[in-house]
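Sequential numbering from 1 along the given sequence is applied to the chain's residues. In listed order, ligands and their atoms are each counted from 1.
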Amino acid sequence: MQYTAYYRLGITPWEQYAEAAADDIGAMLDREEDGRGRPLGRALDLGCGRGVFSAELARRGWDVVGLDLVPKAIAAAEARSIAGASFVVGDVTGLESAGLGAFDFFLDVGCFQGLNAEQRAAYGKGVTALANPGASLLMLEFGPTRLRSVIGGVSEAEVREALPDWEPSSSAPAPTAGLGWPMNRTSPQWFRFTRP
Ligand SMILES: C[S@@+](CC[C@H](N)C(=O)[O-])C[C@H]1O[C@@H](n2cnc3c(N)ncnc32)[C@H](O)[C@@H]1O
């Protein structure tokens, strides 16, 4: 997808989805934080865009790094001056060389779904390299449709294939409210993995 063009034109429909799905996403994050000690630890928001979820994670007490390929998105995230969050222009397929340190939690809302097979494998290698023992990875991604090349989408098998060193702990349907056509036909899914 041409995210640079989308940000340049101010077209960010995923932010409307973030608002519409806020309760569901909040519940997933509540579950993620249950039983964890405080402070919660370091979180990496993969494909953070303008920092919508980085801000939410920081508000909840995570020490957050938001990473995105598009400088304009990162500039907008930085302009929010979010206490507890920092932002970096970077590629989720090159995490090992990004010098970010290790993380306890990875969040990916809508980034992995746009990667090809080679990129997905590199992503998996990167999050594995950056994960502290016991880390978790929570992803919300479109499922594959005939329009996959335009709007992205991945199957559960493809997600698992990219993360061979992670333990799948749950998958569940995500809401479609707030998604316009054809995104509302993609059967978005939550996936959660843990790093043994
Ligand atoms: C659907 S948007 C979601 C943004 C944000 N997670 C949100 O929900 O507001 C996907 C984001 O992934 C970013 N992205 C796509 N490929 C990337 C890559 N290889 N490395 C880093 N970011 C990437 C895009 O620039 C875009 O901001």
Among all the protein's non-hydrogen atoms, which is closest to [atom], and how far away is it?
atom                    : result
atom 16 (N) of ligand 1 : Cys111 SG, 4.0 Å
atom 3 (C) of ligand 1  : Val109 O, 3.3 Å
atom 20 (N) of ligand 1 : Val92 N, 2.9 Å
atom 7 (C) of ligand 1  : Trp14 CD1, 3.7 Å
atom 13 (C) of ligand 1 : Asp68 OD2, 3.2 Å
atom 22 (N) of ligand 1 : Leu69 N, 3.2 Å
atom 19 (N) of ligand 1 : Asp91 OD1, 2.9 Å
atom 8 (O) of ligand 1  : Phe53 CE1, 3.3 Å

| Are the side chain of Arg195 and the backbone of Asn132 linked by a donor-acceptor contact shorter than 3.5 Å? |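 No, Arg195 side chain to Asn132 backbone: no donor-acceptor pair under 3.5 Å.
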| field | Exam field: side chain Gln113 to backbone Gly152, donor-acceptor pair closer than 3.5 Å | value |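 Between the backbone of Gly152 and the side chain of Gln113 there is no qualifying donor-acceptor contact (under 3.5 Å).
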| task | Could you go through the side chain to side chain donor-acceptor pair (under 3.5 Å) check for Thr128 and Trp166 one step at a time? | result | CA-CA 8 Å; Thr128 303; Trp166 292 70; 2.9 Å; yes
As an exercise, identify every atom of ligand 1 less than 4.0 angstrom from a heavy atom of [X].
X     : value
Gly90 : 20 (N), 21 (C)
Gly47 : 4 (C), 5 (C), 6 (N), 11 (C), 12 (O), 13 (C), 22 (N)
Tyr7  : 25 (O), 26 (C), 27 (O)
Val70 : 25 (O)

| Summary of side chain to side chain donor-acceptor pair (under 3.5 Å) pairs that have at least one residue in residues 69-91, sequence neighbours excluded |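 Residue pairs with at least one partner in residues 69-91: Asp91-Thr93.
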| Which residue pairs pass the side chain to side chain donor-acceptor pair (under 3.5 Å) test when at least one of the two sits in residues 114-126, sequence neighbours left out? |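 For residues 114-126, and leaving out neighbouring residues, the side chain to side chain donor-acceptor pair (under 3.5 Å) pairs sorted by first residue read Asp108-Tyr123.
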| Atom pair CZ/OG of Phe87 and Ser54 - distance to nearest 0.5 Å |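 Nearest 0.5 Å value for the CZ-OG distance: 4.0 Å.
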| message | Rounded to the nearest 0.5 Å, what separates atom CG in Asp68 from atom CZ in Arg50? | response |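 Separation between the atoms: 11.0 Å.
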| request: Pick one of side chain, backbone, both or neither for how Cys48 approaches ligand 1, counting any non-hydrogen atom pair under 4.0 Å. | output: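 Near ligand 1, Cys48 shows its backbone, while the atoms from C-beta on stay back.
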| query | Does the gap between the ring centers of Tyr3 and Trp14 come in under 6.0 Å? | reply |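 Under 6.0 Å, so yes.
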| request: Quick one: closest heavy-atom pair of Ala129 and Glu96, and the distance? | output: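 Scanning both residues, the minimum pair turns out to be CB-CG, 3.5 Å.
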| Does Gly152 have a non-hydrogen atom less than 4.0 Å from ligand 1? |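 The answer is no, since Gly152 has no heavy atom less than 4.0 Å from ligand 1.
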